[in-house]
Amino acid sequence: MRRALLIAALAATLVVGACTDGTPRDGASSAGTGGTPPVDPCALLPQGLVEVTVPGNVTGVRELTANDFPIAPPGDSSSCAYDTDGGYGELVVTTQPITARQYQARFGHLDPYLARPVRNLGEEALLSGCGGLSIYTNGRLLHLGIQYERSNACPRLISLGRAALQQL
């Protein structure tokens with residue numbers, strides 16, 4: 001149940017604004033982002049770093065497909081799940097080519113009580129709730145989503161976001 005909720009939340013984050021500039025994004029290439037090449041989200045974070053940062057052992061790492069989501073994410077996004085046996089459940093890392101304008105259209109209107117900016121992380125970064133971190137850098141969205149039981153997930157997500165940015 002927790003896994004389904006996390007995947008549903010991630011899908012909602014990716015689908016919101018999928019057509020923000022009036023252009024359908026399903027199956028779109030990265031043409032609108034200057035040809036940003038695809039990135040394997042499973043290659044961004046070493047399993048050992050995830051285990052140290054998110055308590056628990058990583059029990060599996062796998063690329064997610066459209067069938068893993070209740071609503072298919074944009075066709076140009078890639079997602080990876082790090083399953084854990086700890087209190088945080090599953091970490092999902094998603095990358096997607098995106099322009100600064102598209103990022104602003106998707107995330108610029110979020111309620112400041114539910115989302116807050118993170119300084120010095122990519123070109124722009126935003127924590128939503130305490131289970132999602134969206135980072136814009138170099139024509140790419142990097143999103144980390146986590147199931148959480150404790151309120152200290154935010155600094156853990158930021159730490160993982162910094163590590164993943166180094167690999168982009």
Mind checking ring-ring contact (aromatic ring centres under 6.0 Å, His included) for Y103 and listing every partner two or more places apart, or none if nothing turns up?
F107, Y136
Drop me the distance from L64's CG to C80's SG, to the nearest 0.5 angstrom.
7.0 Å
Walk me through it: do V39 and S78 pass the test side chain to side chain contact (heavy atoms under 4.5 Å, CB included)?
CA-CA 8 Å; V39 170; S78 299; over 6 Å; no
Under 3.5 Å, side-chain donor or acceptor atoms of residues 116-127 against the rest of the protein: list the pairs with distances, not counting sequence neighbours.
{"from": "E123", "atom 1": "OE2", "to": "N138", "atom 2": "N", "distance (Å)": "2.7"}
{"from": "E124", "atom 1": "OE1", "to": "Q104", "atom 2": "NE2", "distance (Å)": "2.5"}
{"from": "E124", "atom 1": "OE2", "to": "Q104", "atom 2": "NE2", "distance (Å)": "2.8"}

Nearest 0.5 Å, please: how far is OG in S159 from CG in L45?
9.5 Å
Shortest non-hydrogen contact from T53 toward R156
O-NH1, 2.5 Å
Distance-only, no hydrogens or angles: does the E51 side chain make a donor-acceptor pair with backbone N or O of V58 under 3.5 Å?
yes
Non-hydrogen side-chain atoms of T95 and H143 separated by less than 4.5 Å
no
Minimum heavy-atom separation for E90 to A81, with atom names?
OE2-CB, 3.4 Å
For residues I98 and L141, report the shortest heavy-atom separation together with the two atoms involved.
CG2-N, 3.3 Å
Of all heavy-atom pairs linking L133 and G161, the shortest is CD2-CA, 4.3 Å
Taking the side chain as C-beta and beyond, is there a heavy-atom pair between V93 and S79 under 4.5 Å?
no
Which of L91, L160, V92, T59 passes side-chain contact (heavy atoms from CB on, under 4.5 Å) with Y82? Answer is L91
Which heavy atom of G132 sits nearest a heavy atom of L157, and at what distance?
N-CD1, 3.8 Å
Has R140 got a side-chain atom pairing as donor or acceptor with Q96's backbone, closer than 3.5 angstrom?
no
Taken in chain and number order and not counting sequence neighbours, the residues that satisfy side chain to side chain donor-acceptor pair (under 3.5 Å) with D85 are N57
Side-chain touch L44/L142, heavy atoms, less than 4.5 angstrom
yes
Quick one: do V52 and I146 end up in the same hydrophobic cluster if we chain Ile, Leu, Val, Met, Phe, Trp and Tyr together by side-chain heavy atoms under 4.5 Å apart?
no
